[in-house]
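Encoded as structure tokens, the structure appears first; notes follow it.
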Amino acid sequence: MVFHSFAFLGFFAAVVAGNYALRPRLRWAGLLAASLYFYAVSDPRFLVQVLAATALCFALGLRIEAAADRGAKKRLLTAGVLLLIGNLIAFKYASFINESLRALFAAAGAAYPVPMLGVLLPIGISFYTFQLISYLVDIFRGTVKAERHPGIFALYVLFFPKLIAGPIERAKQLLPQLHAEHRFDYQQVVDGLQLMLWGAFKKLVVADRLDPVVAQVYDNPHAANGVTTVIGTWLYAFQIYCDFSGYTDMALGTAAVLGYKLTQNFNRPYLAISIQDFWKRWHISLTTWLTDYVHTPLSRQRLVKMKFYHLMLLSVFVTFVVSGFWHGAAWSFVVWGALHGLYAVASVVLRKPRQAVATRLGLLQRPRLHHAVKVAVTFNLVCFAYIFFRAPSLADAAFLTTRLLTGWPHALSIGKAFVEAHLSDLVFAGFGILVVAGAELLQERRDLTALFAARPWLRWSLYYAGAASILLLGAFYDRAETFIYFRF
Amino acid sequence: MAPPSTTWTAALAILAKGAALLLVAYTTVAAIVAFVPEGNDYAQASAFKHHLLAAAPGRRIVLIGGSNLAFGIDSSIIEQATGCATVNMGMNGRLGLRFLLEETRPYLRRGDIAVAAFEYDGFYEPADGHNADQLMIVKANPQAFAYLDWPQRQALVSAVPYVAQEKLVRLTGQAYFSALDRLDGMPPEPPDAIDIDAIESFKGFNERGDLVSHLGIKWPWDFEDGVDMSSMTMDATAVPLLAEFGRSLQARGVDVVLSYTSVMRRYFERHKQAIESLHAQVTRSTTLLVPSPPDAFVYDEALFFDTVYHLNAEGRRIRSVRVAQDIGRALGTPAPCRPQAADAQH
């Protein structure tokens, strides 16, 4: 069940009514039942698995907290993390590992006896696994207390607005809210509904409109040339952003209507002026998770002796590779992560030469132009990496990159043919992109919430324009009802 | 504005405002459907055909089906051969089997001969039809609303945004290409270019309901295919709907004949198994008169206009002769409406 479906609207209306009709201290039970139903409707086969992981971590959390010495705590933590990662590997990476081994054996001319594995990917597994790992580690570190209410802990894991594609919620942020008694807050509900509308606009008017356009390039990479690859990849940048941030807006809005505040996951990422800045703005809950539980421990480890500067660079690179691997069980995702790692390392190592180039070009005297150049360079670096993220395989991605310089002498006619093949999708999505980009540029300079609060006519005009645009321009028909990040 | 004071009044206020917002947005979209002109006036033919059906005197032959009948029948040939006034109700198969049967049911009376011929798509796509096409028919001919059942009527509501989008898509394309023409300094398309909207138009129908605007025009592009039956399952309600239609009209004294759609040979060969299985099911589970098997209406590519179902002038002549012969064979007399045959019948 996806947020922008009629089935979800009916479900959500019932949940909201039931939630506020229940006594505040019983609301967790209603929300847990709704979340279990939500997961069961989406994919009932893995309900037992997510419940088992939840029960295990609930018990382990209590044991870690109660353990007398640090060694025992560490052993329990290690067991818990290994079990969670083992579960993730078994269901998400087993086929990938198996196929990689098969390719390796084939390359060495040896027989590989293990057949292909038909393992299904449980939805949301990457998200709830990371959330549970952070919970156990935080208890070990003493930054959170173990949850003693099994129902509320289950709700912390299964809370339906963030269950399938995040944000990855920390215990410190969400558990106290689940214990608190929420009253119906008019303004919070209105804000939540606004966010849901905005998310639906991004998803239906931009992301789903662009889907077939991008697919034309990436589903048939051997027919692509440099021009179509660049256009397709730029469009993919907007597709994936509006898909994932649209989902997140709807998730945050859904939670807000129910009285809960989830972590903000995006902050205008394509206005970033460097790769580091980009990752502070894109999928923020994953970035902070990786910083806290991968990068920081790695850069402080004492097993490998090296200069702190080198260790830090290495841990940045490894963290990005882990991020790539988290996204998908394929080498193309690993390369995507490694590329971001290389960008990040290079930006540190090449700081002085970059400054020298900027000085030589006179950019330092023109700060606004310098800023614009940095935004453009960062955006295009991100787009180059997207080729690996979006391509069906590593070989396809490599092929597309080798073709990047082709087609340019005929760029106008190729571009025209591309536009004409998807005219209405591009015009409708183009309108959506202008609206989203305009809103984000405005928001970068002033507080839109305050602006709209002071002008109800403007606010209502925008609500109306948003709803009418979704109905008129949204891609409802013949499009798959899903989100890109559901497969992670 | 201060927020409402209690939980329930606040919730009701939000609900009311949200509903009002959706209603206004939906009304805007509906206004586009209502006031932006259609690409063609093909749907206007629905009211005209209903008028023909109501006005036709005596014992009639009523042709029921989709566009295979509109494009592919010369009713005058059937009329001459059988002596029966013939009304061709064929328009658009996407309206669905249910609607196409229901829209003729009230008009058929004792002695009439109903000849049904549906595209094979009609058995594989939903028998309830496509709501966007039904909306266009209802808009052009509000009387058609009566021939939809309640689920189909409800589905019209969700078709409104889709139809509005289709109009925007069309307008976007027109604006883009006319802007390109202006930029290039090119004159508009020459008048002899094939304009499908001029072919699929109300004035393209003759006085018996046959489409004649495509006759003499050579289609320069590829033929549009039918559905891929090998990757679909038949709509389980389609044949029972036909069976019920046949039974109820036969009880009323109407002869109900099932003819088959004209179809291009290569499409037939590709889906032969599915089509023969459909034929077996129809002959087994309905009381309809089925004078010829599907392969009697399989023709070469040279006899088609623009799709695997739409015949050209020569194709429709050949098929119409065959349909007239089939009607005679099914009813046991070649000219069922000539006086001697009518006397023999009564």
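Heavy-atom basis, side chains included; hydrogens, waters and symmetry copies ignored. Quick note on labels: first sequence line is chain A, next is B, and so on, each numbered from 1. This one's a predicted model, so the numbers in the text were calculated from it and none came from an experiment.
Residue-environment remark: CZ (R153(B)) exceeds the threshold of 12 foreign heavy atoms within 6.0 Å. Heavy atoms of other residues, nucleotides or ligands lying less than 6.0 angstrom from CD of E224(B) number 12 at most. Other residues, nucleotides and ligands contribute at most 12 non-hydrogen atoms within 6.0 Å of the CH2 atom of W150(B). The neighbour count for E181(A) CD, taken as heavy atoms of other residues, nucleotides or ligands under 6.0 Å away, is above 12. By the neighbour-count criterion of 12 heavy atoms within 6.0 Å, atom CG of D447(A) is densely surrounded, having more than that number from other residues, nucleotides or ligands. W234(A) CH2: 12 or fewer foreign heavy atoms inside a 6.0 Å radius. Counted within 6.0 Å of OH on Y37(A), heavy atoms from surrounding residues, nucleotides or ligands total 12 or fewer; the atom is thus considered open.
The contact list for residues 409-421 of chain A toward chain B, using heavy atoms and a distance under 4.5 Å, reads K416(A), V419(A), E420(A) by residue number. Within residues 12-19 of chain A, no residue has any heavy atom closer than 4.5 Å to a heavy atom of chain B.
The heavy-atom pair separating G173(B) from L423(A) by the smallest distance is CA-CD2, 3.6 Å. The two residues V29(B) and A468(A) make their nearest non-hydrogen contact at CG2-O, 4.4 Å. A13(B) and Y186(A) make their closest contact through CB-CE1, 4.5 Å (heavy atoms, listed as atom of the first residue, atom of the second, distance).
The distance from atom OG of S424(A) to atom CZ of R170(B), rounded to the nearest 0.5 Å, is 12.5 Å. Note that CG of L426(A) is 10.0 Å distant from OH of Y176(B), once rounded to the nearest 0.5 Å.
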Practice item. Step by step, work out the side-chain contact (heavy atoms from CB on, under 4.5 Å) result for F428(A) and V169(B). Key: CA-CA 9 Å; F428(A) 292 1; V169(B) 167; 4.0 Å; yes

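Looking at L473(A), both its backbone and its side chain come within 4.5 Å of chain B, counting heavy atoms on both sides.
F184(A) is listed as a side-chain neighbour of I14(B), based on a closest heavy-atom distance under 4.5 Å.
Ranked by heavy-atom pairs under 4.5 Å with chain A, the list T28(B), L21(B), T172(B), L15(B) is led by L21(B).
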